[in-house]
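A note on names: the letters A, B, ... follow the listed sequences, proteins ahead of strands, and every chain is numbered from 1. As the structure is a prediction and not an experimental result, all values here were calculated from the model.
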Protein chains: 2
Amino acid sequence: MTTFFAPIRPKKISEEIVIQIKELISKGALKPGDRIPSERDLATMLGVSRPSVREAITILDAMGFLDSRQGGGTFVKVLTDETITDPLSKLVEQQDPEVLRALAEVRMGLEGWSAYLAAERATDEDIAELRRLCKIMKKEAARGGWDTDVDSQFHYAITAASHNSLQTHVLRSIHSLLHATIQVALTEFYKQNGFVDLLLTHHTNITEAIADHKPELARQRMVEHLSLVEEKMAELLAAKG
Amino acid sequence: MTTFFAPIRPKKISEEIVIQIKELISKGALKPGDRIPSERDLATMLGVSRPSVREAITILDAMGFLDSRQGGGTFVKVLTDETITDPLSKLVEQQDPEVLRALAEVRMGLEGWSAYLAAERATDEDIAELRRLCKIMKKEAARGGWDTDVDSQFHYAITAASHNSLQTHVLRSIHSLLHATIQVALTEFYKQNGFVDLLLTHHTNITEAIADHKPELARQRMVEHLSLVEEKMAELLAAKG
DNA sequence: GTGCGAGAATTGGTCATACCAATAACCATT
DNA sequence: AATGGTTATTGGTATGACCAATTCTCGCAC
């Protein structure tokens with residue numbers, strides 16, 4: 001009897017923008033690392049003024065979804081909360097081989113799963129992208145070289161093909177922990193031992209398993225691939241330590 | 001070797017204001033319910049422009065410290081411990097079915113991998129613990145009941161048996177996100193449909209696969225198990241929405 | 001051709017100003 | 001005293017301008 005009428009809350013337009021962008025991120029349309037349009041562009045796109053867009057971005061920045069850099073642009077951050085990565089990053093810093101092994105193992109599980117999901121859901125565009133990256137790697141390999149950036153892109157492309165944005169975020173945060181400390185050192189190692197051909201074969205096989213939509217096979221090949229990488233990584237650390 | 005120097009980030013002046021106001025609140029100079037000076041007054045007091053003050057207030061608003069009402073003013077909010085700052089939590093708390101599905105899928109990958117590793121490395125003690133929990137669940141199931149706490153313990157025990165502390169850490173943080181929002185609601189659902197027997201069978205089968213040290217089988221059964229759970233969860237959400 | 005540095009274009013950060021809309025305080029009427 | 005309108009205050013939005021950091025590009029020198 002008392003409340004026939006509910007209180008009316010006129011939504012601020014910045015809130016509307018916040019919701020829109022947040023959805024784009026959760027749906028995976030905006031992936032971590034992506035740069036969103038400039039404030040001025042967004043303003044014209046949405047038909048609002050720059051301050052409104054700016055306020056929305058400020059909120060999302062405070063929430064941890066975005067990161068704005070003056071002159072650079074505004075980027076989508078990885079969503080993984082600090083409770084996951086904070087303790088981990090400290091552990092990784094000390095280069096404890098045991099920790100690195102454990103981390104590589106976690107990555108193995110995650111990337112294997114990404115490959116599995118990718119094989120289930122990859123679109124033709126996803127597959128084309130994977131093949132494109134394979135081709136680039138093949139070229140490099142023919143000269144005995146290896147581009148770790150392309151390598152990374154390949155792995156990211158697989159996660160993207162899983163069409164699960166949360167999987168992308170979680171994996172990306174794990175991957176970055178390893179990438180920073182190890183990947184660079186691996187480059188030299190690969191070249192020395194002529195592993196490039198083997199790596200290329202691995203990548204090609206994974207790609208084909210995904211293209212054929214064989215989840216279990218894709219997962220298995222990814223795990224095998226990462227096992228080799230981890231093995232070599234361990235050797236490298238043992239030699240140095 | 002790599003980082004003697006930390007990246008320098010010239011602090012935005014809005015950040016400075018945020019810090020100032022946050023301190024005033026934490027010191028108790030600003031109590032919950034208090035109205036802070038108007039944006040225009042603050043701007044002149046601090047010797048900055050209104051947009052800067054406004055940005056600071058926007059951030060504090062998003063953080064939950066302040067509450068602005070057009071025409072009314074800006075007030076200090078009551079500080080609840082519920083103030084969640086993690087981006088992942090922010091996504092989950094809006095109960096978007098799509099996000100929850102994605103999260104459940106991530107969990108599927110992680111727990112499947114945990115089961116795999118557990119099957120490889122489980123000690124006799126680990127296996128004994130799993131069997132003990134199964135026995136408890138069996139007792140409950142005989143009465144048509146289900147204890148979600150024991151259920152959780154079972155899953156945690158498997159991760160523990162993987163003997164990879166990082167895996168445990170990552171999975172636990174993901175799991176907690178789901179647990180908070182869903183698990184409770186599932187309890188009722190299980191009872192209604194007499195699923196307890198099926199769940200018990202799943203758990204038993206997983207345990208035996210681990211005990212027999214059959215990684216691939218354990219993983220597969222875990223994924224199947226969680227697939228069912230996720231399916232039921234989706235039904236539950238669809239019914240509610 | 002390759003590498004590098006200066007300059008231009010882009011982009012977020014700040015400021016000033018104006019006006020709109022919601023609120024609250026005040027006041028006059030009843 | 002209660003009610004309804006008036007007015008001043010306050011946050012919300014819009015516009016335009018300029019600054020500062022970054023990135024890109026292009027031409028120069030090697």
Side-chain angles (χ1 to χ4, degrees), chain A residues 5-22 24-25 30 32-77 139-140 143 145 147 149, chain B residues 5-22 24-25 30 32-77:
Chain A
F5 302 97
I8 295 179
R9 291 264 161 217
K11 237 175 225 155
K12 300 200 296 183
I13 87 174
S14 58
E15 285 294 334
E16 303 270 11
I17 302 176
V18 165
I19 292 174
Q20 272 203 41
I21 297 181
K22 201 154 57 168
L24 286 178
I25 294 178
L30 289 175
D34 280 359
R35 202 179 76 175
I36 71 175
S38 72
E39 297 180 351
R40 290 168 179 85
D41 288 350
L42 270 179
T44 57
M45 283 187 211
L46 298 170
V48 297
S49 72
R50 194 177 153 210
S52 294
V53 172
R54 199 175 158 67
E55 186 166 318
I57 290 179
T58 301
I59 293 173
L60 288 165
D61 195 340
M63 283 184 178
F65 286 98
L66 297 179
D67 185 30
S68 287
R69 285 194 296 268
Q70 181 175 182
T74 302
F75 301 83
V76 179
K77 280 213 285 191
K139 250 185 215 164
E140 276 289 319
R143 304 187 297 155
D147 189 338
D149 281 341
Chain B
F5 302 98
I8 294 181
R9 279 297 174 90
K11 246 179 215 141
K12 300 199 298 183
I13 86 175
S14 60
E15 285 295 335
E16 303 271 11
I17 302 175
V18 166
I19 293 175
Q20 272 202 41
I21 296 181
K22 205 151 55 168
L24 285 179
I25 294 178
L30 289 176
D34 280 0
R35 203 179 75 174
I36 70 175
S38 74
E39 297 180 350
R40 292 167 176 83
D41 287 350
L42 270 178
T44 57
M45 283 188 212
L46 298 170
V48 296
S49 72
R50 193 180 154 209
S52 294
V53 172
R54 200 175 158 66
E55 186 165 318
I57 291 179
T58 301
I59 293 174
L60 288 165
D61 195 339
M63 283 182 177
F65 287 106
L66 297 179
D67 185 31
S68 288
R69 285 194 299 269
Q70 181 176 179
T74 302
F75 301 85
V76 180
K77 272 219 283 193

Distance in angstrom units between A:Lys12 NZ and D:dA14 P, rounded: 12 Å

Distance below 4.0 Å between A:Arg69 side-chain N/O and C:dT11 OP1 or OP2: no

Interatomic spacing from OG1 in A:Thr44 to CZ in A:Arg40 - rounded to 0.5 Å: 11.0 Å

Interatomic distance, A:Leu46 atom CG to A:Gln20 atom CD [nearest 0.5 angstrom]: 5.5 Å

Heavy-atom pair of closest approach, residues B:Ala62 and A:Ile59: CB-CG2, 3.9 Å

Distance (rounded to the nearest 0.5 Å) between B:Arg54 CZ and A:Thr58 OG1: 10.0 Å

Partner set under side chain to side chain donor-acceptor pair (under 3.5 Å) for A:Ser14, not counting sequence neighbours: A:Glu55

A:Arg40 (side chain) and C:dG12 (base): donor-acceptor pair under 3.5 Å: yes

Nucleotides 4-9 of chain D: protein proximity per nucleotide (B base, S sugar-phosphate only, - neither; heavy atom, under 4.0 Å): -----B

Euclidean distance, atom CD of residue B:Glu39 to atom C1' of C:dA16 [Å, nearest integer]: 15 Å

Atom-pair distance (CG on A:Asp61; P on C:dG13), nearest Å: 8 Å

Sugar-phosphate only, base, or nothing, as touched by B:Ile57 at under 4.0 Å among non-hydrogen atoms: nothing

Spacing of A:Glu55 atom CD relative to D:dA14 atom P, expressed in whole Å: 10 Å

With sequence neighbours excluded, residues passing side-chain contact (heavy atoms from CB on, under 4.5 Å) with A:Pro32: A:Val78, A:Thr168, A:His169, A:Arg172

Between C:dG13 (C1') and B:Ile13 (CD1): distance, integer Å: 9 Å

Residues which pass side-chain contact (heavy atoms from CB on, under 4.5 Å) with B:Ile25, listed by chain and number, not counting sequence neighbours: B:Ile21, B:Leu30, B:Phe65, B:Leu66, B:Val76, B:Leu79

Interface residues of residues 43-52 of chain A with DNA chain D (non-hydrogen, below 4.0 angstrom): A:Val48, A:Ser49, A:Arg50, A:Pro51, A:Ser52

Rounded interatomic separation in angstrom, taking CG from A:Leu42 and P from D:dA14: 14 Å

Rounded interatomic separation in angstrom, taking CD from B:Gln70 and P from C:dA24: 12 Å

Contacts of A:Arg50 that satisfy salt bridge (charged side-chain N to carboxylate O under 4.0 Å, His left out) - sequence neighbours left out: A:Glu39

Between D:dT15 (C1') and B:Arg54 (CZ): distance, integer Å: 15 Å

Nearest-nucleotide 5' precedence on DNA chain D, A:Gly72 against B:Pro37: B:Pro37

The single option from A:Asp61, A:Ile36, A:Asp34, A:Asp67 passing side chain to side chain contact (heavy atoms under 4.5 Å, CB included) against A:Thr74: A:Ile36

Phosphate OP1/OP2 of C:dG13 contacted by B:Ser14 side-chain N/O (<4.0 Å): no

